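These figures come from a predicted structure and were not determined experimentally. Computation of the quantities below employed the complete heavy-atom set of this structure, encompassing side-chain atoms and omitting hydrogens, waters and symmetry-equivalent molecules.
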Amino acid sequence: MSQQPAAPAPAPTSAVVTVAKPRDWWRDAVIYQVYPRSFADSDGDGMGDLEGVRSRLPYLRDLGVDAVWLSPFYASPQADAGYDVADYRAVDPMFGNLLDADALIRDAHELSLRVIVDLVPNHSSDQHEWFKRALAEGPGSSLRDRYHFRPGKGENGELPPNDWESIFGGPAWTRVTEPDGAPGEWYLHLFAPEQPDFNWNHPAVGDEFRSILRFWLDMGVDGFRIDVAHGLVKAEGLPDLGAHDQLKLLGNDVMPFFDQDGVHEIYRQWRLILDEYSGEQIFVAEAWTPTIERTANYVRPDELHQAFNFQYLSTAWDAAELREVIDRTLESMRPVGAPATWVLSNHDVTRHATRFANPPGLGTQIRTAGDRELGLRRARAATLLMLALPGSAYVYQGEELGLPDVVDLADEVRQDPAYFRGAGQDGFRDGCRVPIPWTRDGSSYGFGDGGSWLPQPAGWGELSVAAQTGDPGSTLELYRSALRVRRALPDLGAGDSVEWLKAPEGVLALRRGEFVCVANTTGESVTTPAYGRVLLASGEVTETDAGEAKLPADTTVWFTTA
């Protein structure tokens, strides 16, 4: 007989989704990343804001997520979309003010949503008061010790202090002009020149960030996502790396400026602060490391709670590769008692509906649209596989709509700073940051009344929340159903292991109690045992009288044996 994808029930009511999570809520939480400037615009200036996010919290509640992670909204010149912070205790006027932040946190809690905010401790803005004073006071200023100021090499100090390269391209050093007008010292910036790196060997830096943590914890936030968590400590003496094209080494070697062992003492101190509070607040590390095993160091019992699984995000849609990274992740996290995390998209990489539309091996920033139908089919299947795994899952805004990356933005509208600095990151992150569509029409498809800061494609309205709501075949309703099932079944989310079942080549089959997930990563239909009643499928699944199930290409199905 023919089995259509299990039809989603109506969106969950608040009575369902406001059930309190048990202690250690973060071990199996689904956390939704909001990129505030691209989520919802309340005042019609074309830029998303905190009041816009607040107005859409019921949508997130009904989607079925447990927490909201907000990318930076601090006071900033916006040289790198808010990751250049001028004041860590203030909201940038483009997003609102502290009262708006307070109202958002309160409303989220009333809807049983937790709020995680971004923290940027590796670097500040060059407009931070410390850095401005360091420049104004000249050589010998005590404020310069809070950053990495160094004399240059060469006869007249005209060469950078070492050979480190910026992640955004070019040298990782910029020479300053001293107050008397003379060329002077150099300062380190692993990212844009507007983002000078802090010197975490200076006690004032640690004191300041412990104070910042308390400020936001007292505001009621439920945790922090730590930007560049692997970068705070630099190797003693800032030694030359002795290599060019250093970006190619990232993720393969321990660098003198990344993943140094000294970062762990910082996080042990931070954990002591967090543990003083009673609301089960958490730390989440953005830690790019050479191996999953090194990532596990960040989530030891006295350090952070979670770390993003970039190895999983970077894995191709291939059964063997996926099984390997799943096994390694679970094995690495088990000894430290931390939950695995799973993520497919975020604000720095091409959306997975577009990555999977292209051939493997192109990296995480892709310039071509690829096969849209293929990409969406794989993305839906990959989502069901991800949500079937033990641990916590992250969803990036708009992926529940099946949004593709916008790969054809005109050069003159791009704003990613890496785009304008040759030899750095590809600089195509704007494509995943285009404001999301809420309605079928309007000046910005419901994003706001005044257009959008990045242009939205024609036809964006057909992917909108309004267009997909109530359509049982839509990606939005697939997410809603999957999150509802995940919440309802005790065998999903929690735990630290899976039982692999025998499956045809190119197919993954895993059991977790009375739940079975089967993912066909091949381009052909396959036949597997029907492991019970179909709960949900990313495509049309056909069951036979012989107790078998026929899965189309690039399809994942959930069964229950109950």
Side-chain angles (χ1 to χ4, degrees), residues 20-31 66-67 69 114-119 121-122 200 206-207 209-214 216-218 221-233 254 258-313 325-343 389-394 490-498 512:
K21 297 285 289 183
R23 292 190 64 81
D24 288 352
W25 64 272
W26 43 274
R27 289 189 171 275
D28 62 351
V30 177
I31 300 173
D66 300 297
W69 154 34
R114 300 177 190 262
V115 177
I116 296 169
V117 298
D118 235 306
L119 189 65
N122 179 70
W200 273 86
D207 290 345
F209 274 90
R210 287 189 290 272
S211 174
I212 292 167
L213 289 176
R214 293 185 185 278
W216 288 103
L217 288 168
D218 292 342
V221 303
D222 300 287
F224 301 88
R225 177 264 190 187
I226 305 169
D227 184 62
V228 196
H230 54 297
L232 277 56
V233 172
V254 176
F258 279 165
D259 198 29
Q260 294 291 303
D261 291 339
V263 299
H264 299 291
E265 181 55 35
I266 295 170
Y267 299 137
R268 292 186 187 99
Q269 294 176 18
W270 286 14
R271 181 63 179 266
L272 293 174
I273 293 174
L274 213 63
D275 288 347
E276 295 176 11
Y277 289 77
S278 59
E280 283 201 300
Q281 292 85 354
I282 67 168
F283 286 123
V284 182
E286 182 208 28
W288 289 88
T289 68
T291 65
I292 297 174
E293 290 78 10
R294 286 195 68 87
T295 299
N297 291 337
Y298 289 77
V299 289
R300 288 175 287 200
D302 60 345
E303 295 188 42
L304 310 179
H305 298 78
Q306 292 184 353
F308 288 128
N309 190 344
F310 292 115
Q311 284 84 2
Y312 186 76
L313 182 150
V325 75
I326 290 167
D327 283 341
R328 285 185 57 211
T329 297
L330 295 174
E331 290 168 4
S332 299
M333 295 298 144
R334 200 173 294 123
V336 295
T341 63
W342 314 101
V343 60
L389 298 172
S392 180
Y394 282 78
D491 290 327
L492 282 179
D496 61 7
S497 62
V498 300
R512 305 192 60 218

For [X] versus [Y], what's the shortest heavy-atom pair and its separation?
X    : Y    : result
A307 : V299 : N-CG1, 3.7 Å
A340 : T329 : CB-CG2, 3.6 Å
R512 : L389 : NH1-C, 3.8 Å
A338 : H305 : CB-O, 4.1 Å
A67  : W25  : CB-CZ3, 3.9 Å
P339 : Q306 : CG-CG, 4.2 Å

Would you mind reporting whether [Y] and [X] have side-chain heavy atoms less than 4.5 Å apart?
X    : Y    : value
D496 : M333 : no
P121 : F224 : no
N297 : D261 : no
T291 : R328 : yes
L330 : P390 : yes
W26  : I116 : no

Which value, rounded to the nearest 0.5 Å, describes the distance between [X] atom [atom1] and [Y] atom [atom2]?
X    : Y    : atom1 : atom2 : value
S497 : I326 : OG    : CD1   : 12.5 Å
L232 : I266 : CG    : CD1   : 4.5 Å
F310 : W288 : CZ    : CH2   : 5.0 Å
I282 : R27  : CD1   : CZ    : 11.0 Å
L272 : L213 : CG    : CG    : 11.5 Å
Y298 : H264 : OH    : NE2   : 5.0 Å

Is a side-chain N or O of [X] found less than 3.5 angstrom from the main chain of [Y], in a donor-acceptor match?
X    : Y    : value
R214 : S211 : no
N309 : T341 : yes
D66  : I31  : no
E286 : V228 : yes
R271 : P301 : yes
Q281 : L217 : no
W69  : R225 : no
T295 : T289 : no

Discussion item. Run the salt bridge (charged side-chain N to carboxylate O under 4.0 Å, His left out) test against D218 and tell me which residues pass, sequence neighbours left out.
Written reply: none
Worksheet item: What do you reckon, are the aromatic ring centroids of Y267 and F283 less than 6.0 Å apart?
Response: no
Item to complete: Name the orientation class of the two ring planes belonging to F209 and W200 (parallel below 30°, tilted from 30 to 60°, perpendicular beyond 60°).
Response: tilted
Practice prompt. Report the C-alpha distance between L119 and W270 in whole Å, list the side-chain angles of each, state the deciding distance to 0.1 Å, and finish with yes or no for side chain to side chain contact (heavy atoms under 4.5 Å, CB included).
Written response: CA-CA 12 Å; L119 189 65; W270 286 14; 3.8 Å; yes
Discussion item. Can you tell whether the side chains of D302 and R268 come within less than 4.0 Å, N to carboxylate O?
Written reply: yes
